[in-house]
Asker: 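I am attaching a structure below and will ask some questions about it afterwards.
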Amino acid sequence: MHPFRRCSDQFVAGGCIRPSVLIQALRLYKPHWRCGLNGVIPLLSGLVLEPLAWLQTALYSKRLAQIQPPDDPVVVIGHWRSGTTYLHQLLASDPAAATARNAFTVAPQVALILKPLIVGFLNRIMSVHRPIDAVPWSALDPQEDEIGLVRLTLDTNMAGVAFPRCYPRCFRRYVLASTASFRRELVRFTKLTWLHDGVGKSHLVIKNSAHTARVLLLLQLYPNARFVLLKRDPIASIRSLVQVKQLLGGLMGFQAVPDQVRQVEETVAAHAELMGAFEASRAQIPPEQLVEVAYTDLMASPITTVERIYRDLGIGGWQRARSSVQARATQAENYHPSPVKLNPAAEQRLQELMAQQPPHP
């Protein structure tokens, strides 16, 4: 990979982390000295922006205290690599939909006061495609909340990506469980998202696979939250996630990336725990606030699928949104996904472990 492209990808994926978050992470987990260069961009960019983060807090503290984002956000959940990104892109193409975008998640602590500068800067430095899967992206493309939350708090799934040898520990600590601090940061992040992208918009779209295990927390914060659950063949999504974790670990990890067999074992276990957590909370979601979407249906009939989501969840304005959603779906027709293939030992272990799993609902 060209050095400049690697640096730009590191910046978008893990730059601008607040220094207090980075210090906490380095104290809790053991970075390896050979991965030290991966910390240069997060450290320097975070330090440079910290005074401006204080300024944004001072300027927006009253508005953040008063603002009330919609209490019925549309939350896209489901295991990673299950089509959540594609659905997020389609839903966020609606001109009436607000969402977290790359220009926000890269540095939410300053995104309100530096919005035009960040958009212009990212459009100049970002690679044409995401480094993990060749999906086209830009500064204003929608992005997963967890990517922005990690800039503000360690209590995210991204901690296990940055410290890949601690992934199970981080997953259980930050995804299957949550803290009062994370709850505060999530509320703040959602308010910042609405301020950043919500002007003139009617509804909020959130995409975060980690929220699959946080349904009860979301319902506590937003009782009318509407959920879209993506469902894909577990073997396919786990295989793809293992590859993504390997790529991200090499790009932004502070520890050596585990071999694929270990990654398979940990990812299979985490998949069962994530979906188990969702099933345990499913009964708390009012039936009219949940839609389940099969990955195969989304890929085969994206417009029909999105129209069903609008209808079943009571999202207004489908006729207005349809042309924009269609344009985004047409754009995606030219997408050629990167091949997903594990080494033979890892693939065999994946098949063995999944054969022991109970049938997928």
Side-chain angles (χ1 to χ4, degrees), residues 12 70 72-78 80-106 111 115-116 118-145 147-148 193-194 196-209 226-232 291-338:
V12 178
D72 58 350
V74 178
V75 186
V76 178
I77 57 175
W80 294 269
R81 318 305 297 166
S82 294
T84 55
T85 293
Y86 183 38
L87 180 59
H88 189 199
Q89 290 174 339
L90 295 176
L91 293 173
S93 66
D94 182 345
T99 197
R101 304 182 187 274
N102 283 314
F104 172 68
T105 59
V106 73
K115 183 175 181 178
I118 293 175
V119 171
F121 180 67
L122 289 185
N123 279 332
R124 284 194 294 272
I125 71 160
M126 285 178 69
S127 54
V128 178
H129 301 96
R130 290 199 313 187
I132 60 171
D133 56 10
V135 170
W137 67 345
S138 68
L140 293 179
D141 270 342
Q143 182 57 273
E144 181 168 326
D145 276 25
I147 302 296
T193 301
W194 189 247
H196 187 266
D197 199 53
V199 176
K201 309 292 181 70
S202 63
H203 62 277
L204 176 64
V205 176
I206 296 170
K207 178 262 191 178
N208 193 334
S209 289
R226 297 168 285 182
F227 297 91
V228 185
L229 175 68
L230 268 294
K231 302 178 73 173
R232 186 184 185 185
V291 169
E292 299 187 35
V293 172
Y295 173 83
T296 51
D297 291 343
L298 174 64
M299 303 310 293
S301 305
I303 303 304
T304 301
T305 300
V306 174
E307 182 178 12
R308 177 169 72 87
I309 291 170
Y310 269 67
R311 181 181 66 249
D312 290 354
L313 292 182
I315 306 171
W318 169 245
Q319 293 305 318
R320 176 195 61 237
R322 183 187 177 94
S323 60
S324 298
V325 176
Q326 178 67 70
R328 188 70 195 221
T330 301
Q331 178 185 341
E333 291 175 359
N334 297 319
Y335 167 57
H336 301 288
S338 300

Asker: Identify, with sequence neighbours excluded, every residue that meets side-chain contact (heavy atoms from CB on, under 4.5 Å) alongside Ser138.
Answerer: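 In terms of side-chain contact (heavy atoms from CB on, under 4.5 Å), with neighbours along the sequence ignored, Ser138 is linked to Asn123, Asp141.
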Asker: What verdict does the side-chain contact (heavy atoms from CB on, under 4.5 Å) test give for Arg308 and Val293, after you've listed the backbone C-alpha separation in whole Å, the side-chain angles of each residue and the deciding distance to 0.1 Å?
Answerer: CA-CA 9 Å; Arg308 177 169 72 87; Val293 172; 3.6 Å; yes
Asker: Could you work out, with side-chain hydrogen bond (donor to acceptor under 3.5 Å, both in side chains) as the rule, every residue matching Thr305, not counting sequence neighbours?
Answerer: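 Listed in chain order: nothing, the list is empty.
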Asker: Looking at residues at least two apart in the chain, or sitting in another chain, which of them share a salt bridge (Lys or Arg N to Asp or Glu O under 4.0 Å) with Asp145?
Answerer: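 Scan of Asp145 (salt bridge (Lys or Arg N to Asp or Glu O under 4.0 Å), adjacent residues dropped) gives none.
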Asker: I'd like to check the side-chain contact (heavy atoms from CB on, under 4.5 Å) partners of Gln331; sequence neighbours left out, ordered by chain and number.
Answerer: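 Listed in chain order: Arg328.
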Asker: How many angstroms lie between CZ in Arg81 and CZ in Arg232, if you round to the nearest 0.5 Å?
Answerer: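 Here the rounded value is 7.5 Å.
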Asker: Only one of Leu204, Ile315, Ile206, Val291 forms a side chain to side chain contact (heavy atoms under 4.5 Å, CB included) with Val74, so which one is it?
Answerer: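 With Val74 as partner, Leu204, Ile315, Ile206, Val291 yield a single side chain to side chain contact (heavy atoms under 4.5 Å, CB included), made by Ile315.
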Asker: Please report the closest heavy-atom contact between Lys201 and Trp194, naming both atoms and the distance.
Answerer: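 What the structure gives for the nearest pair is O-CH2, 3.7 Å.
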Asker: At their closest point, which heavy atom of Ile118 faces which heavy atom of Ala111, and how far apart are they?
Answerer: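 Reported closest heavy-atom pair: CD1-CA, 3.9 Å.
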Asker: Give me each pair satisfying side chain to side chain donor-acceptor pair (under 3.5 Å) with a member in residues 83-104, each pair once, sequence neighbours excluded.
Answerer: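 The answer is Thr85-Lys207, His88-Thr99, Asp94-Tyr310, Arg101-Asp197, Asn102-Gln143.
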Asker: Using every non-hydrogen atom in the two residues, find where Trp137 and Ser127 come nearest and quote the distance to one decimal.
Answerer: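 Trp137 and Ser127 have their closest heavy atoms at NE1-O, 3.0 Å.
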Asker: For His196, give me all partners under ring-ring contact (aromatic ring centres under 6.0 Å, His included), at least two apart in sequence or on another chain.
Answerer: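 By the ring-ring contact (aromatic ring centres under 6.0 Å, His included) rule, His196 matches Phe104.
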Asker: Taking the side chain as every heavy atom from C-beta outward, state whether Leu230 and Val76 have any pair of such atoms under 4.5 Å apart.
Answerer: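 Yes - at least one pair of side-chain heavy atoms lies under 4.5 Å apart.
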Asker: Val119 and Ala103: which non-hydrogen atoms are nearest, and at how many Å?
Answerer: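 Between these two residues, the closest heavy atoms are CG2-CB, 3.6 Å.
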Asker: Check whether Ser209 reaches the backbone of Ile77 with its side chain - one donor and one acceptor, N or O, closer than 3.5 Å.
Answerer: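 A pair under 3.5 Å: no.
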Asker: Could you pull out all residues at least two apart from Lys115 that satisfy salt bridge (Lys or Arg N to Asp or Glu O under 4.0 Å)?
Answerer: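 Salt bridge (Lys or Arg N to Asp or Glu O under 4.0 Å) check on Lys115 returns nothing, list empty.
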Asker: Using every non-hydrogen atom in the two residues, find where Ala329 and Pro302 come nearest and quote the distance to one decimal.
Answerer: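 That closest heavy-atom pairing would be CB-CG, 4.2 Å.
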Asker: Sequence neighbours excluded, which residues qualify as side-chain hydrogen bond (donor to acceptor under 3.5 Å, both in side chains) partners of Gln326?
Answerer: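 Testing Gln326 for side-chain hydrogen bond (donor to acceptor under 3.5 Å, both in side chains), a comparison that skips the adjacent residues, returns Thr330.
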Asker: Determine the minimum heavy-atom distance between Ser82 and Tyr295, stating which atoms define it.
Answerer: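 Closest heavy-atom pair between Ser82 and Tyr295: O-CD1, 3.4 Å.
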Asker: Which residues pass the salt bridge (Lys or Arg N to Asp or Glu O under 4.0 Å) test with Arg311, not counting sequence neighbours?
Answerer: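 Listed in chain order: nothing, the list is empty.
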Asker: Pairs under 3.5 angstrom only: tabulate donor-acceptor contacts from the side chains of residues 317-325 to other protein residues two or more places apart or in another chain.
Answerer:
none

Asker: Please round to the nearest 0.5 Å and tell me the distance separating atom CD1 of Ile303 and atom CG of Leu90.
Answerer: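 The distance works out to 6.5 Å.
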